[in-house]
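Scroll down for the structure; my scribbles are underneath it.
Every chain is numbered from 1, with letters handed out A, B, ... down the list of sequences.
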Amino acid sequence: MVNLTPKAIESVMSGDLNLKPVVQVLEIKLIANSKDRYRILVSDGVSTQQALLATQLGDRVRDGILRRGSVVQLIEYICSTVQNRKIIVVLNLEIIITEWEIIGNPKPCPGAESISQKTTDNENVMQSKGVSLNGSSSSVPPPRVRTNSRMNNSNNAPNFGPVVQPSYKPPPSYKSHGAITKNEAPARIIPIAALNPYQGRWAIKARVTAKSEIRRYNNARGDGKVFSFDLLDSDGGEIRATCFNAVVDRFFEVVEVGRVYLISKGSLKPAQKNFNHLKNEWEIFLEATSMVEPSPDEDTSIPQQQFDFRSIDEIQNVENNSIVDVIGIVVSVNPSVTILRKNGLETQRRILNMKDISSRSVELTLWGEFCNREGLELQQMVDSGFSPVLALKAGRVNDFSGKSIGTISSTQLFINPEFPEARRLRDWFDTGGKDASTHSISRDVAPGTKQNEIRKWVSQIKEDGLGRIR
DNA sequence: CCCCCCCC
């Protein structure tokens with residue numbers, strides 16, 4: 001016997017975010033023009049309601065463990081407004097039963113699809129982009145499950161009055177002031193993970209973890225300037241924000257790495273995966289009307305950085321060109337050398353070695369400015385007999401003669417950082433790890449081809465000078 | 001609307 005949470009839909013839609021109800025999934029559809037975002041219909045046995053699955057839950061659909069008939073517990077969710085309709089955005093859920101017969105004879109929750117009357121322009125814009133969230137461009141839904149069409153509901157469903165920012169439950173004191181108009185109420189702060197282009201008003205509260213320089217460009221589409229910065233929120237969601245031209249002037253000085261901001265009124269575009277390695281399929285584009293305001297409180301629930309450390313042992317099996325975080329002890333640092341790039345420009349290169357508890361070591365190649373900033377500092381430490389901890393955020397794995405790691409422009413290096421992993425590594429190193437035998441996953445890992453052996457010799461000679469070759 | 005992620 002399965003018990004769905006009574007009145008779950010009603011409670012969630014009226015703003016109860018702590019209920020964590022058990023509901024049944026009646027329908028799952030891929031959102032039009034999306035590769036991995038799903039719209040689902042959930043039921044409490046009496047009422048049904050549309051919901052969006054956060055991207056990170058898509059795997060469960062693709063893996064087949066979340067499907068039509070699944071009984072799930074909604075763990076983290078928010079109510080949001082998409083195309084003027086209230087919708088649940090599910091950020092996390094637990095699957096109770098993968099498949100169960102449809103429970104009860106649930107009907108669409110009344111009021112959930114009410115439409116405010118002044119927003120048809122916005123809808124047209126959404127539709128002209130081919131975005132469909134109401135199933136109108138999808139195949140006909142199965143007979144058992146009624147898909148709510150906007151027309152049906154605006155005409156027939158009971159209307160609970162004008163829906164104004166339904167996701168925002170106004171505090172009681174607002175009620176005596178009459179209707180809230182679109183421009184008055186502050187947008188609700190939502191998790192970064194819930195951001196998507198189909199959403200109307202939103203705000204996020206997030207810490208800036210990285211900030212680019214201003215880059216000027218001149219191409220077929222014209223010239224201009226651009227900069228971007230990366231954001232992290234208290235739920236661990238991350239997203240990049242990008243500004244162009246006049247918007248650069250407006251926000252470049254305002255945005256500081258490490259500070260927390262309230263950000264709203266940007267537009268969401270698909271992330272450029274080639275250049276943006278954050279775990280988010282969207283990117284925020286800030287515009288002239290966007291808001292980027294320092295948060296009045298220093299939100300300590302948002303860490304300064306978020307890492308996903310891989311042990312060096314794991315790096316061996318990581319795909320070439322992957323972007324990874326690594327933490328290790330720097331055991332050697334080579335001098336900085338000047339490299340002539342294929343494009344004719346010169347750059348600096350410095351190779352160092354780091355080892356970790358997996359008793360593996362790896363070569364890290366620092367490029368450009370990293371050589372004379374962190375690289376020099378590391379070299380001085382190692383030269384003076386101290387082996388520092390180095391945390392590397394966003395290094396790029398390459399597989400020339402074994403696996404090694406290189407810096408890219410968005411790499412960040414942290415020398416002797418404070419966090420627990422660093423402490424753990426330090427303790428390990430100081431209590432025997434220093435002398436533990438280490439196997440390098442770089443250069444001499446595989447026997448390699450004759451070609452590779454020769455290349456290795458040549459590069460070693462260039463690296464160390466002839467003095468060390470006997 | 002930008003952008004090469006460098007070398008053997």
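Ring orientation note: the planes of A:Phe244 and A:Phe285 are close to parallel, at an angle under 30° on the 30°/60° scale.
Rounded to whole angstrom, the span from the CZ atom of A:Arg240 across to the P atom of B:dC1 amounts to 15 Å. In this entry the distance linking NE2 of A:His277 with P of B:dC5 reads 10 Å, nearest Å. Put simply, CD on A:Glu283 is 13 Å from P on B:dC3, counting in whole angstrom units. Whole-Å rounding puts the A:Asn218 CG to B:dC1 P distance at 17 Å. Atom CG of A:Asn343 is separated from atom P of B:dC3 by 14 Å (rounded to the nearest Å). We find that CD of A:Gln272 is positioned 6 Å from P of B:dC1, with the value rounded to whole Å. Atoms CG (A:Leu364) and C1' (B:dC5) sit 14 Å apart, rounded to a whole Å. When rounded to the nearest whole Å, the span between CG of A:Asn245 and P of B:dC2 equals 10 Å.
Here A:Trp367 counts as stacked on B:dC6: its ring centre is under 5.5 angstrom from the base ring centre and the planes meet at under 30°. Stacking of the aromatic ring of A:Phe275 onto the base of B:dC3 is found: the ring centres lie under 5.5 Å apart and the planes are inclined by under 30°.
A:Phe285 comes within contact range of at least one nucleobase, with a heavy-atom separation under 4.0 Å. Looking at heavy-atom distances under 4.0 Å, A:Glu346 makes no contact with the nucleic acid at all. Across all strands, A:Arg215 comes closer than 4.0 Å to base atoms (heavy-atom distances). Among the atoms of the strands shown, only primed sugar atoms or phosphate atoms (P, OP1, OP2) are found under 4.0 Å from some heavy atom of A:Lys342. At a threshold of 4.0 angstrom between heavy atoms, the contacts of A:Asn219 are confined to the sugar-phosphate backbone, with no base atom among them. The residue A:Arg341 sits close to a base: some heavy atom pair falls under 4.0 Å.
Environment of CZ in A:Arg423: sparse, with no more than 12 heavy atoms of neighbouring residues, nucleotides or ligands closer than 6.0 Å. In the displayed structure, A:Arg62 atom CZ is contacted under 6.0 Å by more than 12 heavy atoms of other residues, nucleotides or ligands.
Taking every side-chain heavy atom of A:Ser409 into account, B:dC5 is the closest of B:dC8, B:dC3, B:dC5.
With A:Ser212 contributing its side chain and A:Ser228 its backbone, the two residues share a donor-acceptor pair below 3.5 Å. Under a 3.5 Å cut-off, the side chain of A:Asp356 and the backbone N or O of A:Ser358 do form a donor-acceptor pair.
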